[in-house]
Amino acid sequence: MPIIIHKQFVNAPIEVCFDLARNVDIHIKTTAKTKEKAVGGVTHGLLDEGDSVTWEATHFGIKQKLTAKVTHMQQPTIFVDIMVKGAFKSFTHTHKFVEEKDGTLMIDIFEYKSPFGPLGSIADKLFLYRYMESFIIDRAAELKKLAEINE
């Protein structure tokens, strides 16, 4: 199972970073490249443990839907969402926040299983891993910009 780990330092308080990362409206802003929008479940505001959201986005030129559920939350240090319906066989996205002297270290841990068995494994190696890694890095950079503007 591929695992993507990305760390991003943000010069902002942990509470600000945590709330931006779980805000549906901010998610839409930080994923403009894929035209994401919330079309089901919680469609605005902050996600809490037990909440689900259905996203509609365009990936690889194809409009897709994905439903994720927040399965664990400990404010302001961690929340975990899992895919309950979508293109992947499964995924778990752990969002960690570590308070540091001058800000917050945001850590994304994204574990996924591709569909289609051996063909999915080939897709991982050819393009999917890099695509998902870039998606996570780009979103973290956008969150950093937003958090630091507010400080």
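These numbers come from the heavy atoms of this one structure, side chains and all, not from hydrogens, waters or symmetry mates.
Val39 and Val53 fall into different hydrophobic clusters, where Ile, Leu, Val, Met, Phe, Trp and Tyr residues are linked whenever their side-chain heavy atoms come under 4.5 Å apart, directly or through other members. By the rule that hydrophobic residues join a cluster once side-chain heavy atoms approach within less than 4.5 Å of another member, Met132 and Ile109 end up as members of separate clusters. Linking Ile, Leu, Val, Met, Phe, Trp and Tyr residues whenever their side-chain heavy atoms come within less than 4.5 Å places Ile136 and Ile28 in a single cluster. Both Leu126 and Phe60 belong to a single network of hydrophobic side chains, linked directly or stepwise wherever heavy atoms of I, L, V, M, F, W or Y lie under 4.5 Å apart. Residues Val98 and Met106 do not share a hydrophobic cluster, clusters being chains of Ile/Leu/Val/Met/Phe/Trp/Tyr side chains in contact below 4.5 Å.
Residues forming a salt bridge (charged side-chain N to carboxylate O under 4.0 Å, His left out) with Asp25 (at least two apart in sequence, or on another chain): none. Every residue meeting the side chain to side chain donor-acceptor pair (under 3.5 Å) condition with Lys144, not counting sequence neighbours, appears here in chain and number order: Glu148. By the side chain to side chain donor-acceptor pair (under 3.5 Å) test, Thr92 pairs with no residue at all, sequence neighbours left out. Scanning for salt bridge (charged side-chain N to carboxylate O under 4.0 Å, His left out) contacts around Glu142 gives Lys145, with sequence neighbours left out. Checked against salt bridge (charged side-chain N to carboxylate O under 4.0 Å, His left out), Glu56 has the following partners two or more places apart in sequence or in another chain: Lys37, Lys63. By the salt bridge (charged side-chain N to carboxylate O under 4.0 Å, His left out) test, Arg139 pairs with no residue at all, sequence neighbours left out.
Residues Phe91 and Leu66 approach most closely at CE2-CD1, 3.5 Å, considering heavy atoms. For the pair Val42 and Val24, the tightest heavy-atom approach, listed with the atom from each and the gap, is O-CG2, 3.8 Å. When all heavy atoms of Tyr131 and Thr58 are compared, the pair lying nearest together is OH-O, 4.3 Å. For the pair Ile14 and Phe97, the tightest heavy-atom approach, listed with the atom from each and the gap, is CD1-O, 3.4 Å. The two residues Pro115 and Phe88 make their nearest non-hydrogen contact at CD-CA, 4.0 Å. Heavy atoms only, all atoms of each residue included: Gly50 and Lys69 are closest at O-CE, 3.7 Å.
Here Leu47 contributes atom CG and Arg22 contributes atom CZ; the two are 8.0 Å apart, rounded to the nearest 0.5 Å. One distance of note links OH of Tyr112 with CE of Met1; it measures 11.0 Å at 0.5 Å rounding. In this structure, CG in Leu128 is found 11.5 Å from CD in Glu133, a value given to the nearest 0.5 Å. Rounding to the nearest 0.5 Å places CD1 of Ile26 at 5.5 Å from CG of Leu20. Once rounded to the nearest 0.5 Å, the distance linking SG of Cys17 with CZ of Phe9 reads 8.5 Å.
Under the 4.5 Å side-chain criterion, counting only non-hydrogen atoms from C-beta, Thr104 is not in contact with Phe18. Glu36 is listed as a side-chain neighbour of His59, based on a closest heavy-atom distance under 4.5 Å. Within the 4.5 Å cutoff, no side-chain heavy atoms of Thr31 are placed close to those of Trp55. Counting heavy atoms from C-beta outward, Leu143 and Val10 have side chains that stay 4.5 Å or more apart.
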Intermediate values then yes/no, side-chain contact (heavy atoms from CB on, under 4.5 Å), Leu105 and Lys96: CA-CA 8 Å; Leu105 183 62; Lys96 290 185 178 183; over 6 Å; no
Stepwise side-chain contact (heavy atoms from CB on, under 4.5 Å) check, Asp48 with Val70: CA-CA 7 Å; Asp48 286 311; Val70 178; over 6 Å; no
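Taking the six-membered ring for Trp and the full ring otherwise, Phe110 and Phe135 have centroids separated by 6.0 Å or more.
Not one N or O on the side chain of Thr43 forms a donor-acceptor pair closer than 3.5 Å with the backbone of Gly40. Judged by distance alone, the side chain of Glu49 and the main-chain N or O of Met73 form a donor-acceptor pair under 3.5 Å.
Partner of Asp108 under the side chain to side chain donor-acceptor pair (under 3.5 Å) criterion, chosen from His93, Gln8, Lys7: His93.
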